[in-house]
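Report on the structure given below.
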2 protein chains.
Amino acid sequence: MTTRRDAVHDTLRRSEGFRSAQDVYAEMRLHGAKIGLTTVYRALQALADGGQVDVLRTDDGESVYRACATDTHHHHLVCRRCGRTVEVAGPAVERWAEMVGSEHGFTEITHTVEVFGTCASCSAPAKVG
Amino acid sequence: MTTRRDAVHDTLRRSEGFRSAQDVYAEMRLHGAKIGLTTVYRALQALADGGQVDVLRTDDGESVYRACATDTHHHHLVCRRCGRTVEVAGPAVERWAEMVGSEHGFTEITHTVEVFGTCASCSAPAKVG
DNA sequence: ATGGATTTTGACAACCGTTTTCATTTCAGC
DNA sequence: GCTGAAATGAAAACGGTTGTCAAAATCCAT
């Protein structure tokens, strides 16, 4: 029960940045894979549940997935142009979130932290003419 | 062109936490307001564009809005149970994000930081019986 | 291998929040 | 009051995601 899921996982691993379910599906079909959209959604969900891929929501509500190198907690620096992503650790931020939470009597603190920017190669070609 | 928008804004101000467009709509209809769902969506968008309300996406892709006290940059500590929200500042986090970005050659850095937890009053009534 | 139970798959339909459309209403300025 | 521009809202369209269900693949004891 793992062939398709692995195929999805592999496809994701080949991508630089975050990809939507439909991206993955299109990509797989392009390469001749015989798989249905429903199965891609299910595989991505399973992988996300199992912590093998990271998920985040784009501004327009799409879920995008990424097979990350580390399985430890980390955040992302994402190029808003090309989607290239680097994984970053932020121990200070973790502590800050924990502190802010408990300071106000909140428990079971979690947090979402994502950093967006324009990467070097995307901002370089400023010379359009 | 501002009556409806103000009504939406007021409704939002009366709420403790983040509310969805449909929440706001339902709330307004409950109180007898004569307004359409479309207009609520439009008003919320306009308010968000104008920076008068903050927006964020729930895990299930819904946009939720909040009329925040400060108009300066801040983050949120949100109770995942009741939605109660405290506005928090985090200068250290701002600097961290900026640093992480430029460290990797990214420019025009932005970031999203939200902290979730269970607030004191929601975790207190552990006594169910 | 074989039959039968179980799981996985995927085409399609349903869902649901959101956006668009467009005819109607409201309103400012004359 | 009249006119044109902006706002409104009911209903339809949209798009990503999830549910349905019958067919296909897989497992397993025989």
Side-chain angles (χ1 to χ4, degrees), chain A residues 1-12 15 17-67 78 80 83 112 114 116, chain B residues 1-12 15 17-67 78 80 83 85 112 114:
Chain A
M1 68 59 150
T2 181
T3 325
R4 308 295 172 122
R5 184 177 309 182
D6 283 346
V8 169
H9 200 177
D10 286 348
T11 304
L12 221 45
S15 297
F18 283 85
R19 312 301 298 269
S20 72
Q22 318 232 15
D23 281 349
V24 172
Y25 172 69
E27 171 84 8
M28 295 181 77
R29 297 297 292 228
L30 260 187
H31 289 304
K34 207 167 161 303
I35 193 172
L37 182 54
T38 310
T39 306
V40 172
Y41 271 106
R42 274 194 286 240
L44 288 172
Q45 253 166 238
L47 288 167
D49 287 353
Q52 282 129 348
V53 307
D54 287 4
V55 201
L56 63 87
R57 291 261 178 186
T58 62
D59 278 345
D60 54 311
E62 225 181 350
S63 293
V64 287
Y65 304 83
R66 182 166 193 272
V78 186
R80 66 168 64 82
T112 68
E114 307 296 341
F116 299 94
Chain B
M1 73 51 150
T2 180
T3 325
R4 309 294 173 118
R5 185 176 310 182
D6 283 347
V8 169
H9 200 176
D10 286 348
T11 304
L12 222 43
S15 297
F18 283 86
R19 312 302 297 269
S20 73
Q22 319 231 16
D23 282 348
V24 173
Y25 172 68
E27 171 84 9
M28 294 181 77
R29 298 296 292 230
L30 261 188
H31 289 302
K34 208 169 161 301
I35 193 172
L37 182 54
T38 311
T39 306
V40 173
Y41 271 106
R42 276 195 284 241
L44 287 173
Q45 253 167 237
L47 288 167
D49 287 352
Q52 282 129 350
V53 308
D54 287 5
V55 201
L56 63 88
R57 292 260 179 185
T58 62
D59 278 347
D60 55 311
E62 226 180 349
S63 293
V64 286
Y65 305 82
R66 181 165 193 271
V78 185
R80 65 166 66 80
T85 299
T112 69
E114 307 296 340

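Scope of the values below: all heavy atoms of this structure, side chains included, with no hydrogens, waters or symmetry mates. Since the model is a prediction, treat every value here as computed from it, not as a measurement. Letters A, B, ... mirror the listed sequences (proteins, then strands); counts begin at 1.
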ask   = Atom CZ of Arg5(B) to atom P of dC27(C): distance rounded to whole Å?
value = 15 Å
query = To the nearest Å, how far apart are Leu47(B) CG and dA7(D) P?
reply = 14 Å
message = Without decimals, in angstroms, what is the distance between Leu37(B) CG and dA11(D) C1'?
response = 12 Å
Closest to side chain of Ser63(A), choosing from dT17(D), dT18(D), dT20(D) = dT17(D)
inquiry  = Counting only side-chain nitrogens and oxygens, does Gln45(B) get under 4.0 Å of the OP1 or OP2 atom of dT18(C)?
reply    = no
ask   = For Asp59(A), does the CG atom have more than 12 heavy-atom neighbours from other residues, nucleotides or ligands under 6.0 Å away?
value = no
Gap between atom OG1 of Thr58(A) and atom CZ of Arg80(A) - 0.5 Å precision = 14.0 Å
query = Rounded to whole angstroms, how far apart are OH on Tyr65(A) and P on dT17(D)?
reply = 6 Å
request  = Using heavy atoms to find the nearest nucleotide of DNA chain D for Asp60(A) and Thr38(B) separately, return the residue whose nucleotide is more 5′.
outcome  = Thr38(B)
inquiry  = I want to confirm an ordering. Mapping Thr39(A) and Arg42(B) to their closest nucleotides on DNA chain C, which one lands closer to the 5' end?
reply    = Thr39(A)
Spacing of Tyr25(A) atom OH relative to dT9(C) atom C1', expressed in whole Å = 13 Å
ask   = How long is the gap from OG1 on Thr85(B) to CG on Asp54(B), to the nearest 0.5 Å?
value = 10.0 Å
Spatial distance of atom CD (Glu114(A)) from atom CD (Glu114(B)) [nearest 0.5 Å] = 11.5 Å
Gap between atoms CZ and C1', on Arg57(B) and dC16(C) respectively (whole Å) = 13 Å
request  = Report the nucleotide, chosen from dT18(C), dG10(C), dT8(D), that has the shortest atom-to-atom distance to any side-chain atom of Ile35(A).
outcome  = dG10(C)
request  = Can you tell me the distance, in whole Å, between the CG atom of Asp49(B) and the P atom of dT19(C)?
outcome  = 11 Å
query = Out of dC12(C), dG17(C), dT9(C), which nucleotide sits closest to the side chain of Tyr41(B)?
reply = dG17(C)
task = Counting heavy atoms from C-beta on, name the nucleotide in dT18(C), dG10(C), dT8(D) closest to the side chain of Arg4(B).
result = dT8(D)
request  = Give, for atom CD of Gln52(B) and atom OH of Tyr65(B), the distance between the pair rounded to the nearest 0.5 Å.
outcome  = 13.5 Å
request  = Looking only at side-chain atoms of Gln22(B), point me to the closest of dG17(C), dG19(D), dG9(D).
outcome  = dG17(C)
message = What is the distance, to the nearest angstrom, from the CD atom on Glu62(B) to the P atom on dT18(D)?
response = 14 Å
